[in-house]
S.K.: 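Dumping the structure here so I can ask a few things about it.
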Amino acid sequence: MIQPQVFPAPPFPAHALLDAGGGWKLERFGDVTLARPDPQALWRPRLPRADWERADLTFERESDRGGVWRPRSGLPKRLAGADAGWSVAFGAGTFLVRPTPFKHVGLFPEQATNWQLVGQAVRELKGALDEPPRVLNLFGYTGAASVLAALEGAAVTHVDASRASITWTSENADASGLGRSALRVICDDALAFAAREVRRGSTYHVILLDPPHYGRGPKGEVWRFEEGFAPLVAAASQLLADRALLVLSTYAIGYSPLALVNVLAELPGGAVEAGELALCEEPRAGLPSRMLPAGFCARWSRGLEAGAVGRRAGAAPSTPCALGDGLA
């Protein structure tokens with residue numbers, strides 16, 4: 001039996017979860033603090049209201065289609081206007097952070113645990129292959145995972161249906177010193193692209209899947225998780241090299257990690273682990289460290305040591321964040 005566990009984010013100096021509660025989270029990206037809704041934060045905040053009111057940007061929802069970011073008084077124009085944006089670093093990568101009308105900022109720090117795992121896999125494969133390891137990032141969004149894999153020396157194919165996200169990915173590649181030719185960046189429907197790659201006989205050593213619950217492709221294709229997920233995994237399974245890693249993550253879909261395990265467990269010859277992504281609050285003296293749930297994650301690997309994917313029956317689940325270092 002595979003026991004669900006927690007995958008807390010590794011150290012990320014440019015990001016901190018300062019507090020969470022009351023359906024909100026207070027974060028720092030670089031030297032900018034943001035307050036935005038998070039439905040998982042059901043408990044009470046620990047910081048006083050005055051700390052939350054000093055946030056540089058606070059998200060105000062206007063409808064189910066989005067909202068606006070309200071700047072604190074005196075915030076510099078580069079952070080307060082429609083073109084607000086700044087950069088943060090993770091490892092060798094530099095990423096542009098921009099507040100969007102959908103409360104996202106173009107970077108998901110909880111994914112850092114998967115960025116780290118992919119980096120380990122790429123380094124291991126580089127030592128065993130006569131070619132750069134091939135990485136496919138489907139639903140790749142703004143490309144943090146793609147950029148970091150390319151910086152490790154992987155040949156990366158990045159696919160997303162949003163032209164704005166594709167442009168953002170190229171900008172992140174530029175900011176990280178890669179140049180746009182370092183990534184194969186494609187605006188396409190993820191399932192359609194994967195199916196074409198199967199017909200072409202392509203293979204990849206690492207595949208990342210981060211599907212939304214609902215979305216549309218560049219030609220109006222409709223993506224619904226409950227309809228597209230199984231065909232997507234079936235296509236991805238045919239693209240996996242002999243030694244390979246597949247990482248699946250998703251958020252707000254209403255399914256258990258165990259459901260994801262049951263799908264990935266059908267892939268031949270590999271080991272599976274699953275659980276939740278999480279962000280650790282900054283430690284407070286005398287108080288237990290809390291974790292903010294940040295989505296589900298399942299990982300499958302074959303022929304790799306990277307990340308110790310595949311904790312088997314009887315393995316102990318991850319422990320909560322350790323005070324002082326933010327790691328399980």
S.K.: Between E152 and K126, is there a salt bridge with N-O shorter than 4.0 Å?
M.R.: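 No, this pair does not count.
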S.K.: Please examine the side chains of R302 and P268, heavy atoms only from C-beta on, and report whether any two atoms are closer than 4.5 Å.
M.R.: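 Yes; the side chains approach each other to less than 4.5 Å.
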S.K.: Are E227 and V222 close enough, and set up right, to give a side-chain contact (heavy atoms from CB on, under 4.5 Å), and what steps lead you there?
M.R.: CA-CA 10 Å; E227 298 172 1; V222 176; over 6 Å; no
S.K.: With sequence neighbours left out, write down each residue that passes side chain to side chain donor-acceptor pair (under 3.5 Å) with T58, or none if nothing qualifies.
M.R.: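 T58: no side chain to side chain donor-acceptor pair (under 3.5 Å) contacts found.
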S.K.: Partners of N262 by side chain to side chain donor-acceptor pair (under 3.5 Å), sequence neighbours excluded?
M.R.: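 Side chain to side chain donor-acceptor pair (under 3.5 Å) list for N262, sorted by chain: empty.
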S.K.: State yes or no: do W43 and L18 share one hydrophobic cluster built from I, L, V, M, F, W and Y residues joined by side-chain heavy-atom distances below 4.5 Å, directly or via other members?
M.R.: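 Shared cluster, no.
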S.K.: Per the side chain to side chain contact (heavy atoms under 4.5 Å, CB included) rule, which among L264, V272, V233 passes with L246?
M.R.: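 Considering L264, V272, V233, a side chain to side chain contact (heavy atoms under 4.5 Å, CB included) with L246 is found only for L264.
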S.K.: Quick one: do T157 and R134 satisfy side chain to side chain donor-acceptor pair (under 3.5 Å)? Show the steps, please.
M.R.: CA-CA 8 Å; T157 298; R134 294 182 296 278; over 6 Å; no
S.K.: With a 3.5 Å distance limit and no angle check, can you tell me whether W86 reaches the backbone of F29 through a side-chain donor-acceptor pair?
M.R.: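 Confirmed, W86 side chain pairs with F29 backbone.
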S.K.: Holding to salt bridge (charged side-chain N to carboxylate O under 4.0 Å, His left out), I want the full list of residues that pass it with D19, two or more places apart in sequence or in another chain.
M.R.: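 Once residues adjacent in sequence are excluded, the partners of D19 under the salt bridge (charged side-chain N to carboxylate O under 4.0 Å, His left out) criterion are R290.
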S.K.: I would like to know whether L232 and L138 meet side-chain contact (heavy atoms from CB on, under 4.5 Å); could you show each step before the answer?
M.R.: CA-CA 10 Å; L232 179 68; L138 296 173; 4.1 Å; yes
S.K.: More than 12 heavy atoms of other residues, nucleotides or ligands under 6.0 Å from CZ of R200: is that the case?
M.R.: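 Atom CZ in R200 is crowded, with more than 12 foreign heavy atoms closer than 6.0 Å.
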S.K.: For R36 and F59, indicate whether the former's side chain and the latter's backbone hold a donor-acceptor pair under 3.5 Å.
M.R.: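 Between the backbone of F59 and the side chain of R36 there is no qualifying donor-acceptor contact (under 3.5 Å).
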S.K.: Could you tell me the separation between the CZ atom of F296 and the CG atom of L258, rounded to the nearest 0.5 Å?
M.R.: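 Taking CZ in F296 and CG in L258, the distance rounds to 9.5 Å.
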S.K.: If every non-hydrogen atom of C187 is compared with every non-hydrogen atom of S162, which pair is closest and at what distance?
M.R.: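 The pair with the smallest heavy-atom distance is SG-C, 4.2 Å.
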S.K.: Looking at every non-hydrogen atom in both residues, tell me the closest pair between A274 and V261 and how far apart they are.
M.R.: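 Closest approach of A274 to V261: CB-CG2, 3.0 Å.
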S.K.: In the structure I gave you, are the side-chain heavy atoms of E281 and L292 within less than 4.5 Å of one another anywhere?
M.R.: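 Not touching, per the 4.5 Å side-chain cut-off.
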S.K.: If you take the centroid of each ring, where Trp contributes its six-membered ring, are Y251 and F108 closer together than 6.0 Å?
M.R.: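 Distance test on ring centres: not under 6.0 Å, no.
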S.K.: Taking W223 for the side chain and P212 for the main chain, is one N or O donor matched with an acceptor at less than 3.5 Å?
M.R.: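 Flag set: sc W223 to bb P212 pair under 3.5 Å.
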S.K.: Within the distance-only criterion (no hydrogens, no angle test), does the side chain of R78 pair as donor or acceptor with the backbone N or O of A80 below 3.5 angstrom?
M.R.: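 Here the side-chain-to-backbone pair does not exist.
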S.K.: Rounded to the nearest 0.5 Å, how far apart are CD of E60 and CH2 of W69?
M.R.: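 The CH2 atom of W69 is 11.0 Å from CD of E60, to the nearest 0.5 Å.
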S.K.: Working to the nearest 0.5 angstrom, can you tell me the gap between R46 CZ and L26 CG?
M.R.: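 The CZ atom of R46 sits 14.0 Å away from the CG atom of L26.
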S.K.: Working note: E171 + R98, criterion side-chain contact (heavy atoms from CB on, under 4.5 Å); need CA distance, chi angles, decisive distance, verdict.
M.R.: CA-CA 12 Å; E171 292 171 335; R98 294 180 180 129; 2.9 Å; yes
S.K.: Tell me whether the rings of W168 and Y141 are parallel (<30°), tilted (30 to 60°) or perpendicular (>60°).
M.R.: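 Tilted, since the angle between the ring planes falls between 30° and 60°.
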S.K.: Under 3.5 Å, side chain of N172 to main-chain N/O of L96, donor-acceptor pair present?
M.R.: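 Yes.
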S.K.: Got T33 and R54 here, is their nearest side-chain heavy-atom distance under 4.5 Å?
M.R.: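 Result no, sub-4.5 Å side-chain heavy-atom pair not found.
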S.K.: Between L47 and W52, is any pair of side-chain heavy atoms under 4.5 Å apart?
M.R.: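 Contact flag for L47/W52 side chains = yes.
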S.K.: According to a 4.5 Å side-chain heavy-atom criterion applied to Ile, Leu, Val, Met, Phe, Trp and Tyr, with indirect links allowed, do L34 and W24 form part of one hydrophobic cluster?
M.R.: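 No, separate clusters.
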S.K.: Let me confirm one number: the CG-NZ distance from L17 to K25, rounded to the nearest 0.5 Å.
M.R.: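 Spacing of CG (L17) from NZ (K25) equals 7.5 Å.
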S.K.: Taking side chain as C-beta onward, heavy atoms only, is F90 less than 4.5 Å from L107?
M.R.: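 A side-chain contact is absent here, since even the closest heavy-atom pair is not under 4.5 Å.
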S.K.: With the side chain counted from C-beta on, respond yes when L277 and T113 share a heavy-atom pair under 4.5 Å apart, and no when they do not.
M.R.: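 Yes, close enough: below the 4.5 Å cut-off.
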S.K.: Nearest 0.5 Å please: distance from the CD atom of E124 over to the CD atom of E305.
M.R.: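 The CD atom of E124 sits 6.0 Å away from the CD atom of E305.
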S.K.: Considering all heavy atoms of both residues, which atom of S87 and which atom of T94 are nearest to each other, and what is their separation?
M.R.: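 Taking S87 first and T94 second, the nearest heavy atoms are CB-CG2, 3.8 Å.
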S.K.: Mind checking whether L248 and P211 have side chains closer than 4.5 Å, heavy atoms only?
M.R.: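 Side chain of L248 against side chain of P211, heavy atoms only: contact under 4.5 Å found.
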S.K.: Quick one: closest heavy-atom pair of S249 and D210, and the distance?
M.R.: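 Between these two residues, the closest heavy atoms are O-OD1, 2.8 Å.
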S.K.: Indicate, with yes or no, if V122 and L129 share a hydrophobic cluster defined by side-chain heavy-atom contacts under 4.5 Å among Ile, Leu, Val, Met, Phe, Trp and Tyr.
M.R.: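 Result: yes, single cluster for both.
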S.K.: Any idea which heavy atoms bring A149 and V118 closest together, and the distance?
M.R.: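 Result for this residue pair: CB-CG1, 4.2 Å.
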S.K.: Determine, step by step, whether F7 and L117 satisfy the side-chain contact (heavy atoms from CB on, under 4.5 Å) criterion, reporting the C-alpha distance in whole Å, the side-chain angles of both residues, the deciding distance to 0.1 Å, and the verdict.
M.R.: CA-CA 11 Å; F7 304 120; L117 178 65; over 6 Å; no
S.K.: Which heavy atom of V147 sits nearest to which heavy atom of S176, and what is that distance?
M.R.: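 In terms of heavy atoms, the two residues are closest at CG1-OG, 3.4 Å.
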S.K.: Would you call the rings of H15 and F12 parallel, tilted or perpendicular, taking 30° and 60° as the class edges?
M.R.: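 Tilted: the ring planes of H15 and F12 meet at 30° to 60°.
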S.K.: From the options S146, S165, S170, select the one residue that forms a side-chain hydrogen bond (donor to acceptor under 3.5 Å, both in side chains) with H158.
M.R.: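 It is S146; the other options fail the test.
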S.K.: Measure the shortest side-chain to side-chain distance between L75 and V32 over non-hydrogen atoms and say whether it is less than 4.5 angstrom.
M.R.: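 No, their side chains stay 4.5 Å or more apart.
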S.K.: How long is the gap from CG on D38 to CD on E27, to the nearest 0.5 Å?
M.R.: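 Rounded to the nearest 0.5 Å, the CG-CD separation comes out at 8.0 Å.
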S.K.: With clusters defined by side-chain heavy atoms of hydrophobic residues (ILVMFWY) lying less than 4.5 Å apart, directly or transitively, does V68 cluster with L57?
M.R.: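 Different clusters.
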